[in-house]
Every structure is written in C-alpha cells, then in structure tokens.
S.K.: 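For reference, the structure I am asking about is given below.
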Amino acid sequence: FTWSKIQVDPNDGDRITGIVSFRGSLIVFKKRSIHIVNGATNDRQFTCAPFTLRMGARCPRSIVVEDDTILFLTESMGVYGFDLNSVNPVSTEIEDEVTSGLVWTDAAADLVCAGYNRFRRQYLLSVRRVGESYNTRTHVLNWRSGAWGRAERCGNKAIPSCFAEMRNGSSVQKLYVGTVNGYAYEF
C-alpha cells in the first residue's frame with residue numbers, strides 16, 4: 001500500500017474542511033478557498049488548481065452533492081452552489097436567517113450538518129444558534145422552485161446531528177437523519 005500526497009496550498013494557514021468527488025474531479029474545500037484536483041493514469045501525478053481564493057466551505061458537513069451542483073455553507077455569505085464553472089449564491093432569500101446568530105468557532109461549525117433528499121430535490125441545512133449546544137433549526141431549500149422553508153418532519157424530536165442517503169429494499173433512494181438523542185428517522 002502506498003500513499004499519494006496532493007499538496008493543496010499547504011502554506012495558506014487554512015485547513016481542509018471537505019473533499020468530494022464530482023464529475024470526475026476531486027473537489028477540495030478549505031474555509032476560504034475551493035480547489036480542483038485531477039489525476040492522470042499514474043496515481044502519483046495529480047494537478048491541483050485553485051478555483052477561487054475568495055470563499056470556501058466553513059462547515060465540513062454542510063457540503064452536499066446534488067446532481068449538478070455542490071452545495072455548501074460559507075462563513076459569512078450563506079449557502080452557495082458550485083458546478084465546476086462558477087460559484088453562485090442559493091440562499092439570498094434567507095441569508096440573514098441562516099448566517100446571523102451562528103456560532104463561528106471551528107467546533108461549532110463542525111456541528112452544522114446538511115443532507116440532500118434526491119426524491120424531493122431538497123437541500124436540508126441544520127444549524128445551531130448562539131447559546132444553544134446543538135442544532136435547533138433545519139432550513140430546507142426546494143431545488144426545483146428555489147424557495148426556502150423550515151423542516152417540520154419527525155415532530156420536535158428530530159434534532160439533526162447528521163444526514164445520510166440509502167437505497168431501501170425497493171431500490172428507492174431515501175434520506176435519513178440521525179439525531180442528538182440517538183434516533184434515526186427517514187426524512
């Protein structure tokens with residue numbers, strides 16, 4: 001077993017917050033930048049190029065791959081989408097509600113989580129507010145209409161700590177939410 005090492009601007013003082021595979025490339029997110037990594041047939045020959053040095057994914061678990069776009073939460077600019085060609089805002093309607101009052105320490109940013117419901121085409125973003133010790137608000141972006149709302153699923157019992165997709169026995173892709181009190185719910 002050998003390790004291949006890819007340098008992603010290691011001297012910028014910024015940590016890697018997420019890595020996703022997207023359209024044949026490896027997309028590397030830092031807090032303040034996005035990089036695109038491509039490989040050759042030899043696994044030791046990679047190219048890594050910054051796409052933008054103006055914004056990145058502040059919250060590692062906010063990064064979700066929708067069919068044609070990667071969605072993520074930035075530190076001060078809300079939810080953005082990246083499609084290898086451009087980075088565009090998707091949360092302008094609720095940007096203040098999503099980003100104001102958030103606790104922006106690394107530990108708190110690590111608690112923010114998101115999921116994507118492919119069947120309903122919804123991006124779900126769970127955040128905590130100042131003074132709270134867990135995520136208490138889940139915002140839902142309807143990808144078809146572009147409208148934001150609040151998740152009201154599972155009553156008040158579902159305090160999301162993570163999301164995951166899984167195909168059920170009928171081969172239907174479903175979104176599940178894991179909660180801080182030890183339950184998993186189909187969303």
S.K.: Identify the heavy atoms of F163 and C113 that sit nearest to each other, and give their distance.
M.R.: CE1-SG, 3.8 Å
S.K.: Considering only heavy atoms from C-beta outward, does the side chain of F82 approach that of I63 to under 4.5 Å?
M.R.: no
S.K.: Can you tell me if T69 uses its side chain to pair, donor with acceptor, with the backbone of L71 under 3.5 Å?
M.R.: no
S.K.: To the nearest 0.5 Å, how far apart are OH in Y134 and CG in N181?
M.R.: 9.5 Å
S.K.: Could you check V140, L141, V177, V64 and say which one makes a side-chain contact (heavy atoms from CB on, under 4.5 Å) with L124?
M.R.: V140
S.K.: Is R32 reaching over with its side chain to a backbone N or O of L53, donor-acceptor style, under 3.5 angstrom?
M.R.: no
S.K.: Only counting residues at least two apart or in another chain, list the ones meeting side chain to side chain donor-acceptor pair (under 3.5 Å) with S33.
M.R.: H35
S.K.: Could you list the residues that satisfy salt bridge (charged side-chain N to carboxylate O under 4.0 Å, His left out) with D110, not counting sequence neighbours?
M.R.: R15
S.K.: Please enumerate all residues that pass side chain to side chain contact (heavy atoms under 4.5 Å, CB included) together with S86, with sequence neighbours excluded.
M.R.: D83, N88
S.K.: With rounding to the nearest 0.5 angstrom, report the CD1 to CG distance, I6 to L26.
M.R.: 6.0 Å
S.K.: Got a sec, which residues hit salt bridge (charged side-chain N to carboxylate O under 4.0 Å, His left out) with R58, two or more places apart in sequence or on another chain?
M.R.: E75, D106
S.K.: Just verifying a value: how many Å separate L84 CG and I70 CD1, rounded to the nearest 0.5 Å?
M.R.: 6.5 Å
S.K.: Check the hydrophobic clustering (I, L, V, M, F, W, Y; side-chain heavy atoms under 4.5 Å; chains of links allowed) and say if L111 and V180 are grouped together.
M.R.: no
S.K.: Output all residues satisfying ring-ring contact (aromatic ring centres under 6.0 Å, His included) with Y116, sequence neighbours left out; order by chain, then residue number.
M.R.: none
S.K.: Which ring-ring contact (aromatic ring centres under 6.0 Å, His included) pairs, counting each pair once, include a residue from residues 7-34, with sequence neighbours left out?
M.R.: F29-F72
S.K.: Partners of S171 by side chain to side chain contact (heavy atoms under 4.5 Å, CB included), sequence neighbours excluded?
M.R.: none
S.K.: Can you tell me how far apart CZ (R118) and CD (Q173) are? Round to the nearest 0.5 Å.
M.R.: 6.5 Å
S.K.: Using the rule that Ile, Leu, Val, Met, Phe, Trp and Tyr join whenever any side-chain heavy atoms are under 4.5 Å apart, tell me whether V112 and V90 fall into a single cluster.
M.R.: yes
S.K.: What are the two closest non-hydrogen atoms of V37 and C48, and how far apart are they?
M.R.: CG2-SG, 3.8 Å
S.K.: Which residues satisfy the side chain to side chain donor-acceptor pair (under 3.5 Å) test with N85, sequence neighbours excluded?
M.R.: none
S.K.: Is it true that a side-chain atom of N117 and a backbone atom of L175 form a donor plus acceptor pair closer than 3.5 Å?
M.R.: no
S.K.: Just wondering, do V87 and F51 contact through their side chains at under 4.5 Å, heavy atoms?
M.R.: yes
S.K.: Taking D9 first and then K30, would you say they form a salt bridge - that is, a charged N and a carboxylate O separated by under 4.0 Å?
M.R.: no
S.K.: Over all heavy atoms of both residues, which pair between I19 and I16 is shortest? Give the atoms and the distance, please.
M.R.: CG1-CG2, 4.0 Å
S.K.: Once rounded to the nearest 0.5 Å, what's the spacing between atom OH of Y80 and atom OG of S62?
M.R.: 13.5 Å
S.K.: Going by side chain to side chain contact (heavy atoms under 4.5 Å, CB included), name the residues that satisfy it together with R144, two or more places apart in sequence or in a different chain.
M.R.: R121, N142
S.K.: If you group Ile, Leu, Val, Met, Phe, Trp and Tyr by side-chain heavy-atom gaps below 4.5 Å, do V127 and W148 land in one group?
M.R.: yes
S.K.: Distance from R120 atom CZ to K174 atom NZ, nearest 0.5 Å?
M.R.: 7.0 Å
S.K.: Taking only residues two or more places apart in sequence or in another chain, which ones pass side chain to side chain contact (heavy atoms under 4.5 Å, CB included) with T47?
M.R.: N38
S.K.: Given the rule in the side-chain contact (heavy atoms from CB on, under 4.5 Å) test, do L73 and L125 qualify, once you have shown the distances and angles that lead to the verdict?
M.R.: CA-CA 9 Å; L73 183 66; L125 178 69; 4.2 Å; yes
S.K.: Is it the case that the side chain of T17 and the backbone of A57 share a donor-acceptor pair, with hydrogens and angles ignored and the cut-off at 3.5 Å?
M.R.: yes
S.K.: Checking D68 now: which residues fulfil salt bridge (charged side-chain N to carboxylate O under 4.0 Å, His left out) with it, not counting sequence neighbours?
M.R.: none
S.K.: With ILVMFWY side chains joined below 4.5 Å, transitively, what does Y176's cluster contain besides itself?
M.R.: M166
